Student: 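Sending over a structure as structure tokens; questions will come in a sec.
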Amino acid sequence: MPEVLTAPLVVEFPFTRSLGPVIGAFLTGLRERTVLGVRARDGRVVVPPVEYDPVTADELRDLVEVAPTGTVTTWAWNPSPRRGQPLDAPFAWVLVRLDGADTALLHALAAPGPDAVRTGMRVRIRWAAERTGAITDIACFEPADGATGGATGGATEGAAGALRGEANGSRRGGAGPLRGHNVDGRGGIPAADGERQEAGERQKVGERKAVGEHQEVGGRQETGERQEGGRQEAGERQPVPHAGQFRDPVAGITAPARLDYTYAPGRAQSRYIQALAERRTLGERCPDCRKVYVPPRGACPTCGVATGEQVEVGPRGTVTTFCIVNIKARNLDIEVPYVYAHIALDGADLALHARIGGIPYDQVRMGLRVEPVWTEDARFPDHYRPTGEPDADYDSYKELI
């Protein structure tokens, strides 16, 4: 019985996207320690903000600022953090409904163990030391000092002051970013002009009145209490309108996408790979339809029966179809443009794919006869090149396209 091979594999690519006015304002706000949401058509505040209403699909632009504190709505303990996750030590994945928001934000919560985490606990943002305009500007969440359950009391009230009082005119005209949202642990926050605002102080922001006074919002009168699903919660912070304007706004991001996994090809493909090391190509024949599959799969995909008969095919074959690659792949030392093709090896009933070399890219064609080119100590062909034979007749490979 052949050895079953395994190998660690990594699939990785950078994902680049433009942001637009809503997501761009959200990420730029994080850089400035400001959390923005967007108001949906039904009045709910969605955080993180979305560009279109999740119910009506209407375009949304009504940005609001919410607090850097919130409540855990649900959580799961992560005992073994993986590469690229927010924290190296074990932590909790949490959904946090920030004060002033109606939806929850997914992030990490730094906690000593699962016994320290519970639904309803009060938490606050721990900002990253260096912020660039990305979700990682939130390093993680951490427990808010001395507050659990509801939205009032202690450090929670002080942290919520970030929505009530930003001094020094940083809010006037909606031009500059709010600053000073770090909770000091005593119920106060650093104000924009360096002065301390202690818990319990009330300050007007624009035309907004302090919680507890009647307020008209979109034709609906609120009394400082927030109703959600038939439930009223006293003391919840109200979101503050925000123009979404910052200096040097973030217009686009490049996010790395990476998947690390261990690949086990199974017995059939292990035999195939081991034969390639001997510069032979092995397929397997279906006992019912008699088709030869290369690479072998261990079973016929048409008949659904096991394939055990090994058949050596090739090494030459025919190009059945191809594409011209014009974008250079990272970590691949091949100059563009180049050609990747499906090649039906002689004796095979399934085409495999490989790179075509030894010929200008614009001269590759269907029916081109090719052969493998091996490099020293290689376990598979480096590429295929023309054999110089006449092109294959279309009818000989049309069923393999």
Side-chain angles (χ1 to χ4, degrees), residues 14-40 45-51 60-73 84-87 91-110 122-144 159-164 166 170-171 174-184 189-192 205 237 239-257:
F15 177 73
T16 302
R17 64 157 291 179
S18 57
L19 297 177
V22 175
I23 306 301
F26 172 70
L27 293 182
T28 308
L30 295 184
R31 188 189 68 196
E32 306 298 334
R33 301 195 305 182
T34 299
V35 184
L36 298 183
V38 69
R39 192 177 295 279
V45 174
V46 181
V47 178
V50 293
E51 297 166 303
L60 301 179
R61 290 292 184 270
D62 186 11
L63 294 172
V64 295
E65 182 181 351
V66 299
T69 55
T71 302
V72 172
T73 63
Q85 292 187 338
L87 299 173
F91 65 90
W93 288 112
V94 288
L95 286 174
V96 177
R97 183 172 60 79
L98 295 174
D99 298 335
D102 295 288
T103 61
L105 171 73
L106 174 66
H107 217 290
L109 172 67
R122 296 287 297 166
V123 295
R124 62 187 175 195
I125 291 175
R126 179 192 296 172
W127 296 104
E130 296 183 4
R131 299 178 300 280
T132 60
I135 192 62
T136 50
D137 291 350
I138 299 177
C140 63
F141 281 84
E142 58 188 5
L163 294 184
R164 292 199 306 270
E166 288 296 333
S170 64
R171 205 58 161 112
L178 291 178
R179 298 186 182 275
H181 282 202
N182 280 348
V183 182
D184 64 3
I189 61 171
V205 179
R237 303 314 316 160
V240 180
H242 195 288
Q245 300 297 315
F246 298 93
R247 297 181 182 89
D248 301 322
V250 179
I253 59 171
T254 299

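The structure displayed is predicted, hence computed values, not measured ones.
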Student: Once you round to the nearest 0.5 Å, how far does CZ of R97 lie from CG of D102?
Tutor: 7.0 Å
Student: State whether a side-chain donor-acceptor pair under 3.5 Å links R122 with T71.
Tutor: yes
Student: Any non-hydrogen side-chain atom of I23 less than 4.5 Å from a side-chain atom of P48?
Tutor: no
Student: Looking at residues at least two apart in the chain, or sitting in another chain, which of them share a side-chain hydrogen bond (donor to acceptor under 3.5 Å, both in side chains) with S18?
Tutor: none
Student: If every non-hydrogen atom of G37 is compared with every non-hydrogen atom of V45, which pair is closest and at what distance?
Tutor: CA-CG1, 4.4 Å
Student: Which residues pass the side-chain contact (heavy atoms from CB on, under 4.5 Å) test with A25, not counting sequence neighbours?
Tutor: L36, L63
Student: Please report the interatomic distance CG(L27) to CZ(R131), rounded to the nearest 0.5 Å.
Tutor: 13.5 Å
Student: Using the side chain to side chain contact (heavy atoms under 4.5 Å, CB included) rule, take V123 and V94 through it: C-alpha gap first, then chi angles, then the decisive distance, then the call.
Tutor: CA-CA 10 Å; V123 295; V94 288; over 6 Å; no
Student: Do you know the tightest heavy-atom contact between F246 and E32?
Tutor: CD2-CG, 3.8 Å
Student: Measuring only between side-chain heavy atoms, which start at C-beta, is R39 closer than 4.5 Å to L60?
Tutor: no
Student: Among L98, V64, T69, whose side-chain contact (heavy atoms from CB on, under 4.5 Å) with V35 holds?
Tutor: L98
Student: Under the criterion side chain to side chain contact (heavy atoms under 4.5 Å, CB included), I'd like the reasoning laid out for F141 against L105: C-alpha separation, chi angles, the key distance, then a yes or no.
Tutor: CA-CA 11 Å; F141 281 84; L105 171 73; 4.0 Å; yes
Student: Report the C-alpha distance between V22 and R61 in whole Å, list the side-chain angles of each, state the deciding distance to 0.1 Å, and finish with yes or no for side chain to side chain contact (heavy atoms under 4.5 Å, CB included).
Tutor: CA-CA 7 Å; V22 175; R61 290 292 184 270; 3.5 Å; yes
Student: Would you compute the distance between atom OG1 of T136 and atom NE2 of H107 and round it to the nearest 0.5 angstrom?
Tutor: 7.5 Å
Student: Locate the shortest heavy-atom distance separating V66 from A101; write the atom from each residue and the value.
Tutor: CG1-N, 4.0 Å
Student: Quick check for you: to the nearest 0.5 Å, what is the distance between I135 atom CD1 and L30 atom CG?
Tutor: 5.5 Å
Student: For T132, check side-chain contact (heavy atoms from CB on, under 4.5 Å) against everything at least two apart and list the hits.
Tutor: A134, D137
Student: Sequence neighbours left out, what passes side-chain hydrogen bond (donor to acceptor under 3.5 Å, both in side chains) with E142? Give chain and number order.
Tutor: R124, R126
Student: How long is the straight-line distance from CZ of R31 back to CZ of R247, given to the nearest 0.5 Å?
Tutor: 10.5 Å
Student: Please check this pair: side chain of T16 against backbone of T254, looking for a donor-acceptor N/O pair closer than 3.5 Å.
Tutor: no
Student: Could you tell me which residues satisfy ring-ring contact (aromatic ring centres under 6.0 Å, His included) with F91, sequence neighbours excluded, listed by chain and number?
Tutor: W93
